[in-house]
2 protein chains.
Amino acid sequence: MSNHPPRSTIADVARHAGVSKATVSRFLNHRDTLLSPEIARRVEAAIEALSYTPSPMARALKRGRSRLIGLVVADITNPYSVAVLSGAEQACRQAGYLMMLFNLANERERESVGLKVLSTYQVEGFILNTMGLEQGSVLTPVLRGRPVVLVDRLHQGLEVDFVSLDNVQAVHACLDHLLEAGYREFLLVTEPLGGVSSRIERVRAFESRLDALGPQAGGRWIEVSVDDQGGLAQALRDLRAGARRPPAVLAVNGVVSMRIVAAVAQLGWRLGPDIGLIGIDDTPWAPYVGPGISAVAQPTDALGSLAARCLIERIGGLAAPARSIRLPGTLMARGSTRLESLAASGEVPGNRG
Amino acid sequence: MSNHPPRSTIADVARHAGVSKATVSRFLNHRDTLLSPEIARRVEAAIEALSYTPSPMARALKRGRSRLIGLVVADITNPYSVAVLSGAEQACRQAGYLMMLFNLANERERESVGLKVLSTYQVEGFILNTMGLEQGSVLTPVLRGRPVVLVDRLHQGLEVDFVSLDNVQAVHACLDHLLEAGYREFLLVTEPLGGVSSRIERVRAFESRLDALGPQAGGRWIEVSVDDQGGLAQALRDLRAGARRPPAVLAVNGVVSMRIVAAVAQLGWRLGPDIGLIGIDDTPWAPYVGPGISAVAQPTDALGSLAARCLIERIGGLAAPARSIRLPGTLMARGSTRLESLAASGEVPGNRG
DNA sequence: TTGTATGCGTTATCAC
DNA sequence: GTGATAACGCATACAA
């Protein structure tokens, strides 16, 4: 059993350099001011020689700051969450913060637990990508004044920075594209709203746009829970039966897109000619699923890094009123929104940007 | 500006309960022994009243243990990594550990940086899902005797627990399935081996199985780098041109599968009848891509939670020799390995388990 | 400009 | 059984 030397401490460095701990600490934190070149040189050499690194734990204890950022995510299995997480992680790293991850695994009641746990580790701020079900009033006490930024989903009564897709723009882009492609009858499919702000916003945008469009187009929206694939298929059957020409479905997110694709496959219909499909959230596979699935791609990386940067600004003391940042999505038009089948023309599915 | 009360400390609890800090600490750590019921009750009440939680930071400082586990991941954008991560995170949580995440973002040289950073945070152990390029000899010093478990990829000279897909079984399952489906000419496509153990194992398994098969089947393997999509298409053209009947491709992982699909689409071929495709790594979209992409699904969740549990056992002091755990994958047969096209029969793509 | 002393919130070692 | 007290590694007020 090899015994490993304990990591060297500030005391070791001080001894090695023949100075006091305070001097080493000064070198670490206020290198510029208050230090004679000669001493600085010796301290630096000692640090190098002992390959000394300050203990963030001890620092956190003393200063109350930990260089840690807590990320609470509803479901790390969701590619959207991961993409955002990834962008955020990068920005944090660049700013010298480390990320502590807490995954809710879709158990919403664990949200406050996650916050508490991260809290005890003295994280300096939180990025929340959760269901948004906990009211701000219950969150506030555990936050203890530490900054928070919300991603994708708002929390009632929590007035903090918010970063998200521009849902109105995204839904409008979808509808405009469908109209241009020749569809006139629309069905928006969402998971049960359940108070989730992004879903609600998308539904509202859908409704208001449809109102504005007037009689030239018609549409409804339905909630279908994940375990009711049969209900979804039935809804699609009804939709198509009641329409004079091929209708189109707008999937509120990637999960729903996937389920629509499954249902359409099961029904034996062709995406595009028989029923249009466009969804919010793009995936690398989308170009190759059936005739290609049209989608609005979210700028997930930007969302994540913006969230992180906002948070870090707040940690740095910024006291501006709560900001709301909305980033546009970009439409990827593919075969699932092409009324005329291309099977005959020999064209191949793929990206059309 | 609302001022937030500082979190209560062990001293607050002691004062509130009219006992000493030591007593409170005892209640926290050795509740069972050495404590009169009366005092215990009072302490408990005080803790409740002040909603006190011990500071993990201070604990870590004093005891050297942090209840933190460090996870270094090559690319958090890779769904495989995330799936593993997710399983690991869950197991850690259940054991009362929190996960600190360090993403290499595919910059391999950041591996030792990641280890160092996590190290300073006093993580009690590491789960590594990286390229495996750093030799054990360079890793060992920063590990300082703390346990490590490797996922999916081995490191040379690092004899620690290892958890991974049973690559031999997986590749054999693929080949057996292809043979049964009627294919006889095989091409394994991998990203450049670059010393990554999982890729090497899969190639070796491919070669040895082919050897064993003898003249009834033939095959080669090629490395194609991510940015050489043209080269991949050309390789496929050559493959098909040189084969008497439809050949089949074995994609070494999900990323490669995706690229093959893209190339085949570009070539205008039908997956299955024109060229077979089976890949390691399944995705939710696979059933709906073209005729359905056949794949070997990895037990990612199990891999992750096993990794975490191994690590936690080691942290607990287990001193057994390094273990190597190989979990079998499960074959999902779909249309991309069906020689006869089903287009005519009206059957619909989907899972066939 | 540098050193001494104290405290951050815990746990552990001693007394009592 | 319980209470002082020291120490973990660091940063800072104060003294020099």
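Here is the naming used below: chain letters follow the sequence lines, and residue numbers restart at 1 for every chain.
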Please pick, from [options], the nucleotide with the shortest atom-to-atom distance to any side-chain atom of [X].
X: B:Leu61; options: C:dT11, D:dT12, D:dC8; value: D:dC8
X: B:Thr23; options: D:dT2, C:dT2, C:dT10; value: D:dT2
X: A:Thr9; options: C:dT10, D:dG3, D:dC10; value: D:dC10
X: A:Arg59; options: D:dT2, D:dA13, D:dC10; value: D:dC10
X: A:Leu28; options: C:dT10, D:dA11, D:dG1; value: D:dA11
X: A:Ser55; options: D:dC10, C:dA12, C:dT10; value: D:dC10
X: B:Asn29; options: C:dC14, D:dA11, C:dT11; value: C:dT11

Quiz item: Do the side-chain N and O atoms of B:Arg146 and B:Ser119 include a donor-acceptor pair separated by under 3.5 angstrom?
Solution: yes

Base, sugar-phosphate, or nothing: which does [X] touch, judged by heavy atoms less than 4.0 Å apart?
X: B:Thr53; result: sugar-phosphate
X: A:Tyr52; result: sugar-phosphate
X: A:Val24; result: nothing
X: A:Ser25; result: base

In whole Å, I'd like the distance from the [atom1] atom of [X] to the [atom2] atom of [N].
X: A:Asp12; N: D:dG9; atom1: CG; atom2: P; answer: 8 Å
X: A:Ile39; N: C:dT2; atom1: CD1; atom2: P; answer: 5 Å
X: B:His30; N: C:dT13; atom1: NE2; atom2: P; answer: 9 Å

Quiz item: Can A:Asn29 and A:Ser25 be said to form a side-chain hydrogen bond (donor to acceptor under 3.5 Å, both in side chains), step by step?
Solution: CA-CA 6 Å; A:Asn29 303 296; A:Ser25 178; 3.3 Å; yes

Check this for me: does the side-chain of [X] come within 3.5 Å of the base of [N] through a donor and an acceptor?
X: B:Lys62; N: D:dA7; value: yes
X: A:Arg7; N: D:dG9; value: no
X: A:Lys21; N: C:dT4; value: no

Quiz prompt | Donor-acceptor contact present, side-chain B:Gln122 to main-chain A:Met57, <3.5 Å | solution = no

Exercise. Determine yes or no for a side-chain-to-main-chain donor-acceptor pair under 3.5 angstrom, with B:Ser197 supplying the side chain and B:Leu154 the backbone.
Key: yes

Quiz prompt | Nearest-nucleotide comparison on DNA chain C, the residue closer to the 5′ end among A:Pro37 and B:Pro6 | solution = A:Pro37

Quiz item: Would you call B:Arg42 and B:Glu38 a salt bridge, using N to O less than 4.0 angstrom?
Solution: yes

Quiz item: Think B:Ser20 has a side-chain N or O under 4.0 angstrom from the OP1 or OP2 of D:dG3?
Solution: yes

